[in-house]
Enquirer: 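Below is the structure I would like to discuss, written out as structure tokens.
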Amino acid sequence: MHMLSLPARQIHMLIMSRLAKNIVYKDMRAHERSLANVPLTPILIMDQTSKVISLQHGVLFDSAPFEKTFGTVLVDVNTTPYHAGDVVSAQFVGANPRNNLRLESTFLTVDRLVDGQWKAVRSDSHPSTTYQWVRVNTILGTSTVTITWTIESGTPFGTYRLSYFGDSKPVIGSISSFSGISSSFTVS
């Protein structure tokens, strides 16, 4: 039984039944009636992140392919106009996303040109966007990142671009940030 899928009342009942002689009731409704007047006590969930054991090794290093830099566009967007329902994608020279999980920022944005300024209108938290990282060569440490955006109906017509944000780790030295930007494209 998955505890997160249970309502708070049922979780409380299970805890109370475990405390009361480890009895587990098969008829939850009958047990609920027997506990109808028992007040709910708050269940404290302690932060256990410091005790987590990771079986995944850390990032050793990242490198860009010969004569390329991190963020370089490998496969660019199409130059023909896009419409609602179309999927826009671009592929970049990437780095391992575990170098910086960007919990308070984003790996990607969809930017729209508004009054001569680029304005982010979507990020990796939006369901219309995807971010796919692929380790191309483990020995050389090369990777690609593919960003896609499925254009929703009602998207304003205009000029857009895809932006990628990453962090690379050299063999010796510290992690450094970089970005990559696709060519602009139109939505009509």
Side-chain angles (χ1 to χ4, degrees), residues 1-11 45 47 49 52 54 56 58-59 61-65 67-138 140-169 175-188:
M1 181 179 316
H2 195 276
M3 293 298 282
L4 294 177
S5 64
L6 293 175
R9 179 62 119 176
Q10 288 180 332
I11 292 172
I45 300 173
D47 182 9
T49 55
V52 173
S54 176
Q56 210 170 28
V59 178
F61 69 97
D62 296 294
S63 66
E67 295 188 358
K68 304 263 189 236
T69 59
F70 291 105
T72 299
V73 177
L74 297 173
V75 179
D76 210 352
V77 297
N78 292 330
T79 55
T80 56
Y82 290 91
H83 305 89
D86 290 345
V87 177
V88 183
S89 69
Q91 187 179 67
F92 301 86
V93 173
N96 196 315
R98 289 187 292 133
N99 291 327
N100 180 353
L101 298 178
R102 298 185 169 272
L103 299 177
E104 298 298 322
S105 60
T106 184
F107 286 106
L108 70 93
T109 58
V110 176
D111 308 318
R112 181 173 182 234
L113 190 60
V114 179
D115 298 326
Q117 299 287 328
W118 289 104
K119 178 184 173 191
V121 294
R122 295 285 182 263
S123 69
D124 58 20
S125 65
H126 196 271
S128 67
T129 63
T130 62
Y131 170 93
Q132 181 186 25
W133 172 74
V134 175
R135 176 66 86 189
V136 175
N137 188 308
T138 305
L140 298 177
T142 56
S143 304
T144 61
V145 166
T146 303
I147 294 173
T148 60
W149 175 43
T150 302
I151 302 170
E152 308 113 305
S153 62
T155 299
F157 296 163
T159 303
Y160 292 82
R161 70 181 185 185
L162 302 177
S163 298
Y164 161 52
F165 305 96
D167 297 87
S168 63
K169 181 179 181 183
I175 294 172
S176 59
S177 298
F178 64 88
S179 62
I181 299 171
S182 74
S183 296
S184 60
F185 58 93
T186 58
V187 173
S188 59

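Worth knowing before you read on, the calculation uses all heavy atoms, side chains too, and leaves out hydrogens, waters and symmetry mates.
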Enquirer: Without swapping roles, check the side chain of Asp76 against the backbone of Ser183 for a donor-acceptor pair under 3.5 Å.
Expert: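 Yes.
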
Enquirer: Taking the side chain from Asp167 and the backbone from Ile175, do they hold a donor-acceptor pair closer than 3.5 Å?
Expert: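 Side chain of Asp167 to backbone of Ile175, a donor-acceptor pair under 3.5 Å: no, none is there.
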
Enquirer: Any donor-acceptor pair under 3.5 Å linking the side chain of Ser168 with the backbone of Ala95?
Expert: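 Between the backbone of Ala95 and the side chain of Ser168 there is no qualifying donor-acceptor contact (under 3.5 Å).
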
Enquirer: Does the ring centre of Phe92 sit less than 6.0 Å away from the ring centre of Phe70?
Expert: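 No, too far apart.
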
Enquirer: For residues Phe107 and Trp133, establish whether the separation of their ring centroids is below 6.0 Å.
Expert: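 Phe107 vs Trp133: aromatic centres not under 6.0 Å.
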
Enquirer: So Trp149 and Leu108, do their side chains get closer than 4.5 Å, heavy atoms only?
Expert: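 No, side chains not in contact.
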
Enquirer: Is there a side chain to side chain donor-acceptor pair (under 3.5 Å) between Thr80 and Asn78? Walk through the geometry before answering.
Expert: CA-CA 6 Å; Thr80 56; Asn78 292 330; 4.8 Å; no

Enquirer: Considering only heavy atoms from C-beta outward, does the side chain of Phe165 approach that of Ser123 to under 4.5 Å?
Expert: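 Phe165 does not reach Ser123 side chain to side chain.
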
Enquirer: Are any non-hydrogen side-chain atoms of Tyr160 and Val121 less than 4.5 angstrom apart?
Expert: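 Heavy-atom side-chain distance check passes, below 4.5 Å.
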
Enquirer: Are any side-chain N or O atoms of Arg122 and backbone N or O atoms of Pro127, one a donor and one an acceptor, separated by less than 3.5 Å?
Expert: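 No.
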
Enquirer: Do the charged groups of Asp62 and Arg135 touch, with an N to O distance under 4.0 Å?
Expert: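 Between Arg135 and Asp62 there is a salt bridge, with a charged N closer than 4.0 Å to a carboxylate O.
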
Enquirer: Would you say Pro97 and Tyr131 make side-chain contact, with heavy atoms under 4.5 Å?
Expert: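 Pro97 reaches Tyr131 side chain to side chain.
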
Enquirer: Would you list the atom pairs, donor with acceptor, under 3.5 Å between side chains in residues 84-91 and any protein atom, with sequence neighbours excluded?
Expert:
residue : atom : partner : partner atom : Å
Asp86   : OD2  : His83   : N            : 2.7
Gln91   : NE2  : Thr146  : OG1          : 3.4

Enquirer: Do Thr186 and Ser188 have a side chain donor and acceptor closer than 3.5 Å?
Expert: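 The answer is no; no qualifying pair exists.
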
Enquirer: Please confirm whether the backbone N or O of Val93 pairs with a side-chain atom of Lys68, one donor and one acceptor, at under 3.5 Å?
Expert: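 Judged by distance alone, no pair lies under 3.5 Å.
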
Enquirer: Using distance alone, with no hydrogens and no angle criterion, decide if Thr106 and Asp124 have a side-chain donor and acceptor under 3.5 Å apart.
Expert: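 Short answer, yes.
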
Enquirer: Just by distance, do the side chain of Ser63 and the backbone of Leu140 share a donor-acceptor pair under 3.5 Å?
Expert: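 Here the side-chain-to-backbone pair exists.
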
Enquirer: Would a 4.5 Å heavy-atom cut-off, applied to side chains only, mark Trp118 and Thr109 as touching?
Expert: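 Heavy-atom side-chain distance check fails, nothing below 4.5 Å.
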
